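See structure below.
In this text the structure is predicted, and so the values were computed from the model without any measurement. Proteins get letters first, then strands, A, B, ... in listed order; numbering begins at 1 in each.
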Amino acid sequence: VRRRTGLAFVAPAVLLFGVFVLYPMVTAFSYAFFDWQGTTRLGFAGIDNFRTLFTRAPFTTDLPRALGHNLLFFAGTMLAQNTIGLGVAFLLHRRASTRRVLQTLYAMPYLVSPLVIGYLWSLLLQPTFGPVNQLLTAVGLESWALPWLGDPTTAIWVVVLVSVWQWIGFPVLLYGAALGGVPEELGEAARVDGASHRQTFFRVTLPLLVPAVGTVSVLTFIFAMEAFALPYAFGGSTGNPAGATDFVSLLFYRTAFDSGAVDAIGSSSALATLLFVVIFGGALGATAVLRRHERRITG
Amino acid sequence: VPQVRSYGQLQTTVASKSLVPLDGTVDLSGWDETVVASAKGREDGKTYSVPLARQATVMFYNEGLFEEQGIEVPSTWDQFLAANTTLAKAGVTPIAVGAKDDWTLPIVHEVLAAPRFGGKAFHSEVTSGDTDFTDPDWVASVKVVQDLEKFMPRNVTGVAATDAQTLFTAGKAAMIPGGSYDLAVLQKGNPELRIGVFEVPPPPGSPSGSEPTTAGWADGNFGVSARSPHKEAALELVKWMSTKEFGQMVADEVKQISAVPGVEYKDPLLKQISDNYTEHGSPYLLLTDFRYGAPSGTDLLGKGMQEMLLGSKDAGQVSKELDAGVKTWFKPAS
C-alpha cells in the first residue's frame, strides 16, 4: 500500500518529465539516425548524419571552433568562480552582519535574463558612442578604447567575462553555504596547534569544500556547454564577428532553423545528440573523479 | 494561411509536402522573375506561395549634410569618391555600415559594387555554371568594399546594424547602404531628417555596359497548409493577396514595395526605389540563388567580408572560400 501511495505522489512529476523532457530527448535521438526531406522522415540512415558533422562544410570548420569556444568559456568561468567566487564567499563568511545583503547584491545580475544582460553590455561596449570607451578616452586611456565586440580576439573574452560577472553570485552562495557547514572547532583546533590563517584555510577549510567545488564544477560544465542566450545576445546566431563568438548551440540553431538544406533535421539532431553525449559523458566522468577525491579526503 | 519562408528556406517546407501547390489558383504571370522564383519549389517548379513584398537595395543619404558640404548626388565613381572625401574631411562619417552583423555585408556589397561584378549578366553566368565566384570581376567587386572601409565608421566590425542606423539618423553619418525595408525605420528614427536615395555609380573596371544596379528579392511569402481544414477560404485569401488591390494596400499601409506589379507609390522614396529596380533591377544573387543549401552564400560572404575588414583575409581568399563553400551543394542549372 505504501509503495502504491508513493507512486501516486511521484506520478505527476514523472508524467511531466516524460512528456516534456524524456520524450523530446528520445525522439531527437532517433531523428539523428534517419534521412530527412523537410519534415518528412525517409529511410534509416545509420550514422550518416554524424559523419556529416565531421566531413561536410560548414561543420568541418564551424564545429571545432564552436566547441573550442565552449571549452574556453568553461575554463574561464571555472577559474573565476573558484578564485573570485570562493574569495568573495570567504570574505562574506566573516562579515556576519552584512553577509545577507551582500550575497543578495552579488546574486542580483543572475535574476536578469542573459539576453537583456548581453544587450546592455553591447550598448556599454559599443565602439563609437558606448560609455565604456568614452570613459576610457576621457581619462586619457584612448589606446585602451578597443572595439571590444568587433575584434575576434577580445569579443570571446567579453562573452566569458560578462558571463562570469553575471553568475558570480552563484558560487558565492554555494560556497557561502559550504563554509557555513565547516565546523568552527576544526579551525580553532588548528590555530591552537599553531597553524597560521593561511594554513588553516588551505589545510583545513579548503579540503572540506571539495564536495562544493565538485558541484560547482559539474554545474558550470553543463552550463558552459549549453551556453546560448548570452552569446546570441552578443553576436547573433552566426557568432559575429567572423565566428569569433560562435558556440555549439548557435551552430545547432543555424543548422536546424536557418539553413536551406532539406536534410536539416537529420544533421541538427545528430549535433544535438553529440552535444548531449559530450555533456552527459563529461558530467558523469567529472562526478566519478570528484567522488573518488572526496572519499580520499573524508574517508 | 501560414507565412512561409522564401527561396532556399521555402524548400524544406515544400519537400515535406506541407503546402498546397497554387498553380491554377494564383496567376503570377507578368510578375518579376526574381520575385516568382522565391515562391516556387526548386525541384518541381510549382508555385507554393505568394510573396507580400519586394525588397530592393539602395543607398540612402542625408540631403541636409550633402547640401551643407555642397555635394550633388554623384553620377560617376570619381564624384562618389570625392563626395566621401569631402564628408570625411568635414568630420562626418561618409558611409554608415554595421559590419558587426554579418548578414548586412552582402547587401552592402550589392549597394556599393554590384555593377563591378556585372549585376544581372553575372547572375545568369554564375547560375548556369559559365563562371564562378573566383571570377576576377567578382573578386574586384569584393575588393571595392575593402577599399571603401576608410569611409566607414572606425572599427566597423564592432558597429552593429542598429548602431549604423543611429549614426545616420543622428546626422553623424551621411550615407547608409541598405534595403527598402530600412526606409520606414530610418524615417521613424528621425522624422525631421530629409532622406534621399540614389544608386551608387559603377566602379571603374566594371564589365562593359554596366549601369548602376538595384538588387532585389521577394520577402514575406504566404502559402496554404496542406493540412488546413479551410483550404477553400485559404486559397481565396492568397488569391486576393496576389491582386493589385491588395498590393496597393501593402504599399500604402505597410510602406513596402509590393510584390504585385503596377502598384502606385505615394511615398516618393519608395517610388524611386521601385522605379530604380524596374529600370536597373538585378537579383540579390546570393539570397535568390545561393541559399538552397548549407553553407549559404550570404553566410559565407558575410563572414568572409568581416574577416576582410578585420584584415585577416583579402578579397581573393574571401571569394575563393565563398566559391568552395557553395560548391559543396550548388549545381549549375545548365
Side-chain angles (χ1 to χ4, degrees), chain A residues 35-42 52 55-62 65 119 122-123 125-130 133 145-155 158 233-246 251 254-268, chain B residues 5 7-19 42-43 93 96 98-103 153-164 166-167 170 172-173 290-300 302-310 312-313 321 324-329:
Chain A
D35 276 328
W36 289 85
Q37 181 83 6
T39 50
T40 310
R41 195 170 69 184
L42 306 174
T52 300
T55 53
R56 225 171 64 187
F59 301 107
T60 41
T61 52
D62 289 8
R65 179 175 58 196
Y119 178 67
S122 29
L123 288 183
L125 294 171
Q126 209 281 337
T128 41
F129 44 76
N133 281 3
L146 301 171
W148 303 104
L149 288 164
D151 185 338
T153 44
T154 50
V158 170
F234 275 124
S237 66
T238 47
N240 288 304
T245 60
D246 201 9
L251 178 60
R254 292 203 298 278
T255 312
F257 305 115
D258 260 353
S259 87
V262 288
D263 62 350
I265 291 188
S267 42
S268 59
Chain B
R5 302 175 92 173
Y7 299 105
Q9 290 168 326
L10 174 69
Q11 305 309 314
T12 41
T13 326
V14 170
S16 45
K17 301 189 170 43
S18 310
L19 296 173
R42 186 80 150 182
E43 291 284 311
T93 301
K100 180 168 173 282
D101 291 307
D102 58 346
W103 65 269
R154 269 186 56 208
N155 299 322
V156 68
T157 52
V159 180
T162 45
D163 300 338
T166 310
L167 286 174
K172 294 196 162 155
F290 290 92
R291 266 199 195 164
Y292 289 88
S296 76
T298 41
D299 280 358
L300 289 163
K303 210 169 268 184
M305 291 200 353
Q306 281 181 332
E307 288 167 326
M308 181 178 79
L309 294 171
L310 284 162
S312 60
K313 284 196 179 136
E321 285 177 15
V326 296
K327 273 182 182 161
T328 58
W329 56 267

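Interface remark: B/S312 contributes no atoms to any contact with chain A (heavy atom separation under 4.5 Å). Heavy atoms of B/T328 lying under 4.5 Å from chain A belong exclusively to its side chain. Using a 4.5 Å cut-off between heavy atoms, A/Q37 contacts chain B through both its backbone and its side chain.
Salt-bridge formation is detected for the pair B/E321/B/K313: a Lys NZ or Arg NE/NH1/NH2 atom is positioned less than 4.0 Å from an Asp or Glu carboxylate oxygen.
Between chain A and the residues B/A15, B/G158, B/P295, B/S16, the most heavy-atom pairs under 4.5 angstrom are made by B/S16. Interface summary for chain B: among A/A264, A/G243, A/S122, the most heavy-atom pairs under 4.5 angstrom belong to A/G243. Counting heavy-atom pairs under 4.5 Å between each of B/G8, B/S18, B/A294 and chain A puts B/A294 at the top. Considering only heavy-atom pairs separated by less than 4.5 Å from chain B, the leading option among A/D258, A/D151, A/T128, A/D263 is A/D258. Each of B/V14, B/D163, B/D101, B/V156 has some count of heavy-atom pairs under 4.5 Å with chain A, and the biggest count is that of B/D163.
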Decide yes or no on salt bridge (Lys or Arg N to Asp or Glu O under 4.0 Å) for A/R254 and A/D62, but give the supporting numbers first.
CA-CA 11 Å; A/R254 292 203 298 278; A/D62 289 8; 3.1 Å; yes
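A distance-only check finds no donor-acceptor pair linking the side chain of A/T60 to the backbone of A/T55 [under 3.5 Å]. With hydrogens and angles ignored, the 3.5 Å screen pairs a side-chain donor or acceptor of B/S296 with a backbone N or O of B/D299. No donor-acceptor pair under 3.5 Å is formed between the side chain of B/D102 and the backbone N or O of A/A242.
Heavy atoms from other residues, nucleotides or ligands lying under 6.0 Å from CZ of A/F129 number more than 12.
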